[in-house]
Amino acid sequence: MPHPSVEFRVVVNGVEIVREWSWDRVSRVKEELKRMGFRWTGGGWVGRLRDPASLYALKALLDLSDEELDEVAKASGVGSGDAVLVVGNIADRLRPYVAASYGSSHLVSVTRFIRDFIASDRKAIAEVSSYEEYVRRAAEEFRSLVRGLEIRGDLEAAVRSAVEIALSSERLKSLYERRVAWRRVELWPTKAVLNFAGRELAAELGNFKLAYNVVEKDGEVKQIFIKLVKMSRENDKIIIKYPVFIREKISDVLRKYGYIVLKRDLEYGRVEYRQNISLHDFQRRAVDSWEKAGRRGTIAVPTGGGKTFIALAALARASTTALVLAVTQELATQWAERLRRHLGVSPGMLGAGRHDVRDVTVAIYNSAVKYIDELVGRFGVVVFDEAHHVPAETFKEVALALDSPFRLAISATPRREDGNEMLIYEAVGPLVYRATYSEMIEAGLVVPVEHYRIYIKPSPEEEQSYRSAQAATDNAIVLRNIASQISSKIPIAVEVVKREVALGHKVLVFTQFLEQAKAVYNRLREESIRSELITSEERDRASAFSRFLSGASKVVVTTTVLDEGVDVPDADVAVVVSGSGSKRQMLQRVGRVVRRAPGKTVARVYELIARGTIEEALSEARHMDDVIEESICRKFSEQTLREFLRATKLTDFRSF
């Protein structure tokens with residue numbers, strides 16, 4: 001027989017709840033109500049509950065509907081404390097802070113969320129400047145997690161209450177300060193000092209590598225990777241060392257892992273340059289582009305475009321201590337002279353027997369590598385002259401070690417056949433400006449170029465030697481070396497030089513090989529043509545070059561020592577007997593004769609090529625018509641060249 005039901009009245013926070021239940025159930029519920037602090041008034045059970053968890057317990061006890069629970073909760077003030085009722089699916093990140101759940105409704109503690117945020121967050125702590133800002137970031141994080149969900153009660157009141165609790169907690173504030181001190185990093189130009197480092201950070205820093213191509217003896221290009229970051233422990237600190245050009249990337253990674261990065265910059269001396277330079281429009285645009293790029297970058301200017309003056313103007317704008325890196329002794333001397341004349345400073349010199357480091361210093365690359373410890377921390381700006389040399393094994397060392405924040409690479413041809421121009425762009429800065437040959441002609445700096453390609457037949461013995469080598473190997477360097485040195489090139493070179501000297505021109509003869517240079521030089525001397533031989537073996541190169549500049553000699557025969565930036569503005573003609581096959585070298589050699597001088601309207605380039613050999617392909621590969629404007633480009637056999645020279649009067653050839 002069913003138990004008779006009785007009316008059961010409960011008043012919670014002033015809200016009346018009435019149920020028709022069996023006496024057995026009423027007996028069980030009233031015992032729970034007693035334990036929760038309710039009292040019997042004769043007409044029902046009366047009590048007040050402010051604890052949200054107790055309210056949810058009452059919901060289950062009295063089978064409260066959502067509407068009834070909502071009314072009771074509002075009457076209790078839930079939502080104005082440090083917790084809110086959230087209805088719906090909540091983010092996993094909020095689940096640890098749920099005090100109680102009933103169905104799809106969850107009681108979430110804002111205070112607990114903020115407390116744990118302060119104790120464990122790794123991102124925001126590196127982005128705020130005060131404890132108050134950090135607490136408010138935690139509150140905003142909570143808001144973002146409940147955004148779009150149904151909230152019962154006053155969310156903002158609950159958040160305000162939780163924020164007030166956190167701000168008044170000395171324990172939480174002390175925890176924040178300890179975490180800030182522990183996560184603080186001093187970030188210097190080339191090193192960072194940390195209190196700790198986890199495996200994840202170490203692994204990510206280990207990924208900072210630079211691809212670098214090495215040309216092996218057989219001509220094959222092998223890619224290796226240079227590790228850019230080193231980590232070590234010194235006493236109780238972790239030291240991270242890196243090249244200055246990845247400093248910002250290191251900073252980003254540290255912030256990602258919640259470190260508080262404090263940048264520490266070195267103080268470089270200020271230098272007052274007395275600038276005496278008038279730039280052409282394209283040169284000014286080049287310097288402007290470098291400045292806009294943060295005073296880091298590469299400027300490409302064909303030879304004759306005044307890249308030295310561009311660099312001098314950049315130094316004047318930087319107004320700080322400066323290091324200029326040059327490839328050779330001759331170039332270093334030119335730089336020192338121009339710094340004195342155009343910027344009014346007396347530079348120190350490092351290399352070629354001199355060791356005098358000053359606030360403005362010119363150094364030969366190899367000497368800079370040798371004495372790199374004396375240069376680090378001293379110069380605010382560094383200029384890498386003829387920057388395509390920086391990727392070479394010895395030159396890259398100085399680029400990676402120097403801590404100069406401002407960097408400029410200048411070159412006629414930063415692109416390299418081995419692909420190592422990317423090392424220039426990474427270590428110094430990306431290509432920010434490329435001048436065109438047309439701009440240089442318009443500025444009156446250079447003249448158009450006439451290019452004559454002369455195809456010379458090897459002797460039968462030389463041809464047989466070449467074919468035998470071709471059958472035995474496909475090594476391009478071996479084949480090039482055989483083809484480049486055929487003996488029949490010598491008389492053609494001498495014949496061309498004789499004609500040009502007869503026209504009153506000054507001639508540079510380029511070879512790749514010392515013995516070949518000596519052979520050309522000796523034949524010219526036999527022909528009573530005043531010539532100079534400038535090679536790596538010649539001790540008094542300065543005197544020989546001086547005689548050529550003064551006109552006492554009309555011809556210089558050289559190997560590769562004059563490939564780079566030596567100024568010979570009144571040289572009219574280049575005779576390329578042999579070369580490496582690279583476009584960069586060809587452009588450098590042509591660049592020696594293109595500079596405008598009084599009475600000079602054209603530069604002539606003769607390129608001697610062994611017919612039927614790898615030199616034909618190399619000639620096409622190094623053709624510079626996409627960089628230097630050629631007014632004429634003609635091909636001759638040795639026979640047609642001689643016929644042309646015999647049939648052309650000197651007066652006609654002057655303007656040809």
Side-chain angles (χ1 to χ4, degrees), residues 1-92 94-116 139 142-143 145-166:
M1 183 174 180
H3 295 287
S5 60
V6 296
E7 184 179 81
F8 183 61
R9 294 177 65 252
V10 180
V11 179
V12 187
N13 300 336
V15 178
E16 185 179 58
I17 307 296
V18 179
R19 296 287 185 263
E20 291 286 338
W21 283 343
S22 68
W23 181 252
D24 288 343
R25 184 170 185 180
V26 168
S27 296
R28 292 195 303 272
V29 169
K30 71 178 183 177
E31 292 303 319
E32 283 297 320
L33 291 175
K34 288 179 184 179
R35 282 193 288 272
M36 296 173 73
F38 283 74
R39 58 186 177 83
W40 174 253
T41 62
W45 292 88
V46 178
R48 297 193 63 82
L49 294 176
R50 296 186 58 83
D51 177 18
S54 298
L55 285 176
Y56 272 97
L58 187 68
K59 179 181 188 299
L61 187 65
L62 299 181
D63 283 341
L64 297 179
S65 67
D66 287 343
E67 291 75 13
E68 289 173 327
L69 178 62
D70 192 32
E71 188 177 0
V72 171
K74 288 180 179 179
S76 70
V78 170
S80 61
D82 67 341
V84 291
L85 293 172
V86 182
V87 180
N89 292 325
I90 63 173
D92 289 341
L94 285 177
R95 293 194 179 279
Y97 313 108
V98 173
S101 292
Y102 298 92
S104 61
S105 298
H106 311 278
L107 183 68
V108 182
S109 171
V110 186
T111 295
R112 286 175 56 194
F113 177 87
I114 291 178
R115 182 190 64 200
D116 281 9
F142 183 86
R143 290 188 185 95
L145 291 171
V146 299
R147 192 168 290 128
L149 299 176
E150 181 182 348
I151 305 296
R152 292 184 177 175
D154 190 338
L155 171 64
E156 288 307 311
V159 170
R160 282 195 302 271
S161 176
V163 166
E164 289 172 3
I165 292 171

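FYI, side chains are in, hydrogens and waters are out, and symmetry mates aren't considered; it's all heavy atoms of this structure.
- A salt bridge does not link K59 with E68: every distance from a Lys NZ or Arg NE/NH1/NH2 to an Asp or Glu carboxylate oxygen is 4.0 Å or more.
- Among all heavy-atom pairs drawn from L61 and M36, the shortest one is CD2-SD, 4.2 Å.
- The two residues A83 and A158 come nearest to each other via the heavy atoms O-CB, 3.8 Å.
- For the atom pair OG of S65 and CD of E71, the computed distance is 9.0 Å after rounding to the nearest 0.5 Å.
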- Using the side chain to side chain contact (heavy atoms under 4.5 Å, CB included) rule, take W40 and L33 through it: C-alpha gap first, then chi angles, then the decisive distance, then the call. CA-CA 10 Å; W40 174 253; L33 291 175; over 6 Å; no
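- The structure places CZ of R115 at 10.5 Å from CD1 of I165, a figure rounded to the nearest 0.5 Å.
- Between K34 and W45, the shortest heavy-atom distance links the atoms CE-CH2, 3.6 Å.
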- side chain to side chain contact (heavy atoms under 4.5 Å, CB included) evaluation trace for V146 with I151: CA-CA 8 Å; V146 299; I151 305 296; 4.1 Å; yes
- Show your reasoning for whether side chain to side chain contact (heavy atoms under 4.5 Å, CB included) applies to F142 and V163. CA-CA 11 Å; F142 183 86; V163 166; over 6 Å; no
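- For the pairing with H106, the side-chain contact (heavy atoms from CB on, under 4.5 Å) check across L149, I90, L94 returns one residue only, I90.
- Rounding to the nearest 0.5 angstrom, the gap separating the CD1 atom in I17 from the CG atom in D63 is 11.0 Å.
- Listed here is the closest heavy atom pair of N13 and V72: ND2-O, 3.5 Å.
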- Message: Let's go through V10 and L62 carefully: what are the C-alpha distance in whole Å and the side-chain angles of both, what is the deciding distance for side chain to side chain contact (heavy atoms under 4.5 Å, CB included) to 0.1 Å, and is it a yes or a no?
- Response: CA-CA 9 Å; V10 180; L62 299 181; 4.1 Å; yes
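- Between the CG atom of D154 and the CZ atom of R160 there is a distance of 6.0 Å, given to the nearest 0.5 Å.
- Side-chain contact between L49 and F38: present, with at least one pair of heavy atoms (C-beta onward) separated by less than 4.5 Å.
- The minimum heavy-atom distance between E20 and S5, with the atom names listed, is OE1-OG, 3.7 Å.
- Between the OG atom of S27 and the CH2 atom of W21 there is a distance of 11.5 Å, given to the nearest 0.5 Å.
- Closest heavy-atom contact between V98 and R112: O-NH1, 4.4 Å.
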